[in-house]
Amino acid sequence: MAAVLSPSSCASTPALEVRHLSVDIGTGHGTVHAVRDVSFSVDPGQTLCIVGESGCGKSMTSLAVMDLLPGSARRRAETLRVGGQDLATASRRTINALRGERMAMIFQEPMTALNPALTIGDQMTEVHRHHRRSSAAEARERAVHLLGRVGIASAAERLGQYPHQLSGGLRQRVMIAMALMCDPDVLIADEPTTALDVTIQAQILRLLLDLQRELGIAIVLVTHDLGVVARVAHKVAVMYAGRIVEEGSAAQVFGQPRHPYTRGLLRCIPVPGRTAPGGHLGIIRGTVPALTGELHGCSFRERCEFAQPLCETAPPHRSDAAGHAWHCHLEKDAAMGAER
């Protein structure tokens, strides 16, 4: 499979740049290393998809970028920059000003993300009035425009409704419109189509891509659906046990996966023309390891079919001239030979 989009041209300044991001969460049973030394960047007009099983740290990474972590979590980063603004050293006041204006987030379940006690209009206009110091009339006009832009009919009437009066697809569209109220540079979407049926899912994805082309937004899409990734990604970061174990363009990751975990994920999905109806799909045995306490070696070694004693030490960083990178003791030639 390959992405249907062509990569955007390289920008001199990434819309979002993350370097050596880690998140530790204190618990009664020790410290959970939820995100471990994660680095990535996204250019304007580009989509980065972060993929992996549940519990691999995808959502925690997005919450760390937005600085929406729980109180028991501690975030560390060498660089966490939106445009030219470094959030790693910014004050709380600065971060609050940037969140919602320069960077916005679409949450996984809009029914819980939207306030059930407030109308759609109150929730949307609050964002614009706070960041842009606009009047109530100006904020309402902006909200009506964006609801119409995301395909919601009778937009002005919808502003007076409450979240429970809308379908799941409409609530997700409201979340997208709300995120766009202040024209952000970066949009983080955490599993935005998980709770939707396939028809509405396709509509939401197409909407995000149309808005990206129109506005030049950088999108970070968190998902476990590789079918979605193949359709929309320019770049892919495969995450396992809090680390990015492989990254590259969509064509590289889907066409020549290097890490055994990536290859395992790809074997778990049916391929049109290759997977027989009723045929068996691949599996990855075992579960994601606990990330509490000291961690040594390759976290995937207990589930990896190529594991060897060497895997009890930290895997090296490997890359090729095309920018495809992965963390594994397995040599590139051996990995491709094993896949064939």
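Keep in mind the model is a prediction, meaning the values are calculated, not measured.
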Is it true that [X] and [Y] have a side-chain N and a carboxylate O under 4.0 angstrom from each other?
X: R76; Y: D24; value: yes
X: R149; Y: E214; value: yes
X: R142; Y: D183; value: yes
X: E305; Y: R267; value: yes
X: E101; Y: R132; value: yes

For [X] and [Y], work out which heavy atoms get closest and say how close.
X: A250; Y: V236; value: CA-CG2, 3.9 Å
X: S72; Y: I25; value: OG-CG2, 3.5 Å
X: V222; Y: P192; value: O-CD, 4.2 Å
X: A241; Y: P289; value: CB-CG, 4.2 Å
X: P315; Y: H329; value: CA-NE2, 3.5 Å
X: H131; Y: N96; value: CE1-O, 3.5 Å

Distance-only, no hydrogens or angles: does the [X] side chain make a donor-acceptor pair with backbone N or O of [Y] under 3.5 Å?
X: R171; Y: L166; result: yes
X: R75; Y: A64; result: yes
X: R102; Y: R99; result: no
X: E126; Y: Q123; result: no
X: Q46; Y: D43; result: yes
X: Q172; Y: G169; result: no

For a 4.5 angstrom cut-off between non-hydrogen side-chain atoms, does [X] reach [Y]?
X: T292; Y: T31; result: no
X: P270; Y: L281; result: yes
X: S39; Y: E78; result: no
X: Q203; Y: R173; result: yes

Can you tell me how far the [atom1] atom of [X] sits from the [atom2] atom of [Y], to the nearest 0.5 Å?
X: L330; Y: F306; atom1: CG; atom2: CZ; answer: 6.5 Å
X: I106; Y: L208; atom1: CD1; atom2: CG; answer: 5.0 Å
X: L310; Y: T313; atom1: CG; atom2: OG1; answer: 4.5 Å

Hey, mind stepping through V51 and M239 against side-chain contact (heavy atoms from CB on, under 4.5 Å) and telling me if it holds? CA-CA 6 Å; V51 302; M239 202 162 186; over 6 Å; no

The residue among H259, R303, H327 that forms side-chain hydrogen bond (donor to acceptor under 3.5 Å, both in side chains) with Y240 is R303

Please say which of E246, Q256, E247 ends up in a side-chain hydrogen bond (donor to acceptor under 3.5 Å, both in side chains) with T262. E246

Is the cationic atom of R258 (NZ for Lys, CZ for Arg) positioned less than 6.0 Å from the six-membered ring centroid of W326 and within 45 degrees of its normal? yes

Test S249 against H234 for side-chain contact (heavy atoms from CB on, under 4.5 Å), laying out the working first. CA-CA 6 Å; S249 69; H234 296 112; over 6 Å; no

Only one of D67, V186, D185 passes side-chain contact (heavy atoms from CB on, under 4.5 Å) with M103, and that residue is V186

Between D86 and T89, does a side-chain contact (heavy atoms from CB on, under 4.5 Å) hold up when you go through it step by step? CA-CA 6 Å; D86 192 354; T89 58; 4.1 Å; yes

